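The structure appears right after this line, and notes come after that.
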Amino acid sequence: MDFLLSGLAACGACVFTNPLEVVKTRMQLQGELQAPGSYQRHYRNVFHAFFTIGQVDGLAALQKGLVPALVYQFLMNGIRLGTYGLAEAGGYLLDSNGNHSPGRSAAAGALAGVMGAYIGSPIYMVKTHLQAQSASEIAVGHQYKHQVFPPQSWKLALTAAMVSSLAVVAAMTPFDVVSTRLYNQPTDAHGKGLMYRGLPDAVMQTIRTEGIWGMYKGMGASYFRLGPHTILSLFFWDQLRILYQKHNQ
């Protein structure tokens, strides 16, 4: 569960921070191996870079490389935080006296970080190539002409649906937990629930006794049920729309 939750949390943050990653990539490639003052500065600072990219490449360009960035964050942070969580749960961070060991914690954190970075490195390279792509007038660094998917490709729709399913599961699991418990609670002779007075009461009781993570119980099972359902629903919907548009042309 540590692997899944940490990966999902990183993906959620990535959606908001990816534009900054695009700006960072462009600014780091600007003037590569050129003496200061010998090249044109397309991006003078962070705010100017935001404006320039949005104006020339379009606002959508600020989310370039989002799909590999999400995969990278899910793999890297899932492995990094998940591995550390396993070490902590297994008691490997404690010394012989049962006390927390800073040295063991640092070693476990370093090992987990190395594993995450090593596995995520190929995806990071793809992300960097895509984020560096830009119009010729503001291009910096080497321009790889990658095209992940051709326009109207079913692979594009499938990938987008897979990413969407992560957000759907993360958002819906707490409500699914509460509805399951409300439906399953015992009732009196009049059909009134004996454990919960309603949805707010079920939420408060669950958080009070089981903690916030109690609202995410069964999240892995939810993804393997809701994930494919969301993916296939969105994929079929997109393909049916394309067929309908072609039929009406």
Side-chain angles (χ1 to χ4, degrees), residues 5-81 109-110 112-153 155-171 234 238:
L5 293 179
S6 57
L8 288 174
C11 286
C14 180
V15 174
F16 298 97
T17 60
N18 191 61
L20 289 168
E21 190 73 15
V22 173
V23 169
K24 176 190 74 72
T25 298
R26 302 278 185 97
M27 295 188 74
Q28 288 177 338
L29 291 174
Q30 182 171 241
E32 184 178 10
L33 297 180
Q34 299 180 62
S38 65
Y39 59 88
Q40 182 180 359
R41 290 183 63 193
H42 299 297
Y43 314 109
R44 293 194 294 270
N45 53 55
V46 174
F47 303 105
H48 182 256
F50 264 107
F51 178 79
T52 302
I53 294 171
Q55 183 183 49
V56 178
D57 286 340
L59 291 177
L62 290 168
Q63 286 290 10
K64 278 195 171 184
L66 179 60
V67 172
L70 288 170
V71 175
Y72 170 74
Q73 290 294 336
F74 186 83
L75 288 176
M76 185 189 70
N77 286 290
I79 292 170
R80 185 172 61 182
L81 300 179
V114 168
M115 290 174 59
Y118 180 79
I119 294 175
S121 181
I123 307 298
Y124 192 92
M125 182 181 71
V126 175
K127 176 191 74 69
T128 301
H129 287 185
L130 293 175
Q131 290 177 338
Q133 286 181 354
S134 63
S136 58
E137 56 264 39
I138 59 170
V140 292
H142 184 75
Q143 293 290 294
Y144 287 91
K145 300 302 180 183
H146 296 310
Q147 187 177 30
V148 181
F149 302 119
Q152 302 299 321
S153 170
K155 295 179 181 179
L156 178 62
L158 185 59
T159 302
M162 291 174 65
V163 174
S164 299
S165 68
L166 294 174
V168 170
V169 172
L234 292 175
D238 186 75

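Treat the numbers as computed from the prediction; the structure is a model and nothing was measured. Numbers here are sequence positions counted from 1.
The number of heavy atoms from other shown groups lying within 6.0 Å of CG (L59) does not exceed 12. At most 12 non-hydrogen atoms from other residues, nucleotides or ligands lie less than 6.0 angstrom from OH of Y118.
Taking 4.5 Å as the limit, some side-chain heavy atom of L20 sits within range of a side-chain heavy atom of F50. Residues V15 and L70 have side chains in contact (heavy-atom distance under 4.5 Å, counting atoms from C-beta outward).
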Query - Check against side chain to side chain contact (heavy atoms under 4.5 Å, CB included), I123 and M76 - result: CA-CA 10 Å; I123 307 298; M76 185 189 70; over 6 Å; no
Query - Chi angles and distances behind the side chain to side chain contact (heavy atoms under 4.5 Å, CB included) call for M27, V46 - result: CA-CA 8 Å; M27 295 188 74; V46 174; 4.3 Å; yes
Query raised in the report: Checking side chain to side chain contact (heavy atoms under 4.5 Å, CB included) for the pair N18/Q131: CA distance, chi angles, key distance, verdict?
Result: CA-CA 9 Å; N18 191 61; Q131 290 177 338; 3.0 Å; yes
Query raised in the report: Taking it one step at a time, do V23 and Y43 satisfy side chain to side chain contact (heavy atoms under 4.5 Å, CB included)?
Result: CA-CA 9 Å; V23 169; Y43 314 109; over 6 Å; no
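A distance of 10.0 Å separates OH in Y72 from SG in C14, rounded to the nearest 0.5 Å. To the nearest 0.5 Å, atom NZ of residue K64 and atom CD1 of residue I53 are 9.0 Å apart. Summarising the geometry, atom CG belonging to L29 is positioned 8.5 Å from atom NZ belonging to K24; distances are rounded to the nearest 0.5 Å. The CZ atom of R44 sits 10.0 Å away from the CZ atom of F51 when rounded to the nearest 0.5 Å. Atom CD of Q30 is separated from atom CD of E32 by 11.5 Å, given to the nearest 0.5 angstrom. A distance of 9.5 Å separates CD of Q63 from CZ of F16, quoted to the nearest 0.5 Å.
Remark: the backbone N or O of A117 is not paired with any side-chain donor or acceptor of S121 at under 3.5 angstrom. For D57 (side chain) and L62 (main-chain N/O), no donor-acceptor pair under 3.5 Å exists by modelled atom type. Looking only at distances, no side-chain donor or acceptor of R26 sits under 3.5 Å from a matching main-chain atom of A139.
Of all the heavy atoms in A132 and Q143, the pair that sits closest is O-NE2, 2.9 Å. When every heavy atom of T52 is checked against every heavy atom of H42, the shortest pair comes out as OG1-O, 3.9 Å. For the pair P68 and L130, the tightest heavy-atom approach, listed with the atom from each and the gap, is CG-CD1, 3.7 Å.
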